[in-house]
2 protein chains.
Amino acid sequence: MNTHADPYIETDFTDRQGAVLEAALGLLVEGGEKAITTAGIARAANCSKESLYKWFGDRDGILAAMITYQASKVRVSARLGGPSQSPEAFRAELEVFANDLLTVLSGETSLALNRLAIGQGSREGSVLGNLLIERGRKTVRERALVLLQSGQLAGVLRFNDRAAAFDTLYSLVVGDFHVRMLLGESVPALRDELARKEHVEQAIDRFHLLYSKDQMN
Amino acid sequence: MNTHADPYIETDFTDRQGAVLEAALGLLVEGGEKAITTAGIARAANCSKESLYKWFGDRDGILAAMITYQASKVRVSARLGGPSQSPEAFRAELEVFANDLLTVLSGETSLALNRLAIGQGSREGSVLGNLLIERGRKTVRERALVLLQSGQLAGVLRFNDRAAAFDTLYSLVVGDFHVRMLLGESVPALRDELARKEHVEQAIDRFHLLYSKDQMN
DNA sequence: TTAGTACCGTACCGTTCGGTACCATGTCAA
DNA sequence: TTGACATGGTACCGAACGGTACGGTACTAA
């Protein structure tokens with residue numbers, strides 16, 4: 001793992017700085033990257049440009065700070081049920097996870113930040129992209145891995161490769177939706193609560209079918 | 001469907017215009033959206049800015065033309081085998097499709113155009129995003145649906161909802177990879193031919209498991 | 001009070017970029 | 001040859017933006 005060598009990685013912000021980043025996120029959600037100008041942020045947050053540069057270095061520093069700030073806000077509560085559960089309880093647990101995942105990914109702030117990082121990060125060594133993968137993906141992954149293991153301990157699931165099982169789960173739950181939302185499409189299956197619930201159930205159905213204890217892969 | 005009411009949708013380009021768009025795509029792949037300046041395109045393509053504005057209207061027109069031009073180039077050859085095949089032949093057919101899909105999505109030009117559309121298209125009514133979904137997704141979808149139907153006719157697959165089956169197939173094959181590549185990550189499972197083949201086989205395995213003729217959903 | 005600190009608001013500078021205008025060159029038709 | 005047309009090259013303009021500098025203000029500590 002990368003031990004605190006990177007720039008742009010500051011995780012402690014004062015309240016004032018947090019408020020400024022909040023305003024910047026608002027601008028980003030509303031108007032895209034084009035709306036993130038230093039003057040615009042200063043105006044929206046009632047702060048001076050000089051403070052922006054003192055706190056975050058330069059414009060890229062502001063963008064990176066926005067990502068780390070937002071990520072630090074979305075600390076997923078890793079609610080883990082007891083290690084042994086009934087199959088029904090575990091399935092419900094999985095559905096909650098899937099629903100939470102879709103909720104996060106379809107959030108306006110998440111979409112805006114992903115659009116920012118993607119639009120910015122054409123070349124390898126994309127700082128914002130790595131930041132987003134590291135801070136966003138890792139947390140949900142951790143939570144899911146714990147969940148999957150508890151499912152295996154409960155005898156509901158069977159798999160050799162826990163990471164591969166997670167990838168499959170993620171694929172079945174999220175699938176095509178993320179990219180389509182990033183491209184601006186309003187995905188029907190995620191609009192209302194009913195359609196989303198149906199999709200989640202189907203996805204979990206398929207996952208259970210692939211990893212039920214009588215299957216092996 | 002939208003009948004030729006939109007602007008930005010021009011599908012016929014002269015050779016000279018095609019060469020200019022080619023140069024613009026080169027710039028995009030190399031340097032991201034930031035590199036797409038009118039002066040830069042004119043310089044790279046040895047044409048005048050005035051010609052650019054005469055042909056494409058404005059900068060957004062150039063971007064849209066780049067997408068339609070590239071899409072018109074990648075016409076997928078819808079190679080369809082005979083309607084009735086052996087299960088092994090059909091599975092091989094599916095693997096070829098999956099491999100082609102991953103090849104297209106991981107191509108530098110495709111990634112660059114997707115990054116462009118995503119970075120650009122924050123707000124609903126994202127012209128470039130719709131263009132990309134329409135021109136890109138539709139073709140691969142058509143090809144896959146034909147393929148799936150032939151699989152059903154051959155008795156290898158069973159499903160009620162062909163579209164849902166396609167979504168599952170797409171999810172299992174592409175999964176997380178597209179977004180991660182868009183974010184700048186070099187996905188290990190797609191680097192060398194061997195790892196990719198293994199991934200495709202696993203994905204098709206799971207797809208067959210879900211939609212084999214003794215399952216129902 | 002005095003000095004220091006942190007911050008806001010604004011003005012300013014250099015650069016870049018989208019878009020337009022103008023001129024030169026080549027080509028084709030009459 | 002002459003004139004119309006398409007195109008390349010260059011210069012130019014106005015606006016926007018990143019970044020810096022400066023003055024003014026509130027607060028704190030000695």
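Residue numbers start from 1 in every chain, and the chains themselves are labelled A, B, ... in the order their sequence lines are given, proteins ahead of strands.
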TODO: Compute whether any side-chain donor of one residue and acceptor of the other, for B:Glu22 and B:Tyr69, lie under 3.5 angstrom apart.
DONE: yes
Task: Phosphate-side-chain proximity, A:Trp55 and C:dC7, N/O vs OP1/OP2 below 4.0 Å - done: yes
Task: Charged N-O contact under 4.0 Å between A:Lys138 and A:Glu142 - done: no
Open item on the list: Do A:Phe207 and A:Leu148 have side chains that approach each other closer than 4.5 Å (heavy atoms only, starting at C-beta)?
Closed with: yes
Open item on the list: Could you walk me through whether A:Leu101 and A:Tyr170 satisfy the side chain to side chain contact (heavy atoms under 4.5 Å, CB included) test, starting with their C-alpha distance in whole Å, then the side-chain angles of each, then the deciding distance to 0.1 Å, before giving a yes or no?
Closed with: CA-CA 9 Å; A:Leu101 177 57; A:Tyr170 191 98; 3.9 Å; yes
Task: First and last nucleotide of DNA chain D, 5' to 3', lying under 4.0 Å from heavy atoms of chain A - done: D:dC17 to D:dC22
Task: Euclidean distance, atom NZ of residue A:Lys34 to atom P of C:dC17 [Å, nearest integer] - done: 11 Å
- [ ] Report the relative orientation of the aromatic rings in B:Phe177 and B:His199; use parallel for angles under 30°, tilted for 30 to 60°, perpendicular for over 60°.
- [x] tilted
Task: Spacing between B:Asp58 atom CG and C:dG19 atom P, to the nearest angstrom - done: 5 Å
TODO: Decide, yes or no, whether a salt bridge links B:Lys197 with B:Glu193 under the criterion of side-chain N to carboxylate O below 4.0 Å.
DONE: no
- [ ] Measure from CZ on B:Arg43 to P on C:dG18 and round the result to the nearest Å.
- [x] 11 Å
Open item on the list: How long is the straight-line distance from CG of B:Asp161 back to CG of B:Asp167, given to the nearest 0.5 Å?
Closed with: 8.0 Å
- [ ] Begin from the C-alpha positions of B:Arg196 and B:Thr103 and carry the test side chain to side chain donor-acceptor pair (under 3.5 Å) through to its verdict.
- [x] CA-CA 10 Å; B:Arg196 170 183 299 200; B:Thr103 301; 2.8 Å; yes
Open item on the list: Below 4.0 angstrom, which residues in residues 44-52 of chain B have at least one non-hydrogen atom near DNA chain C?
Closed with: B:Lys49, B:Glu50
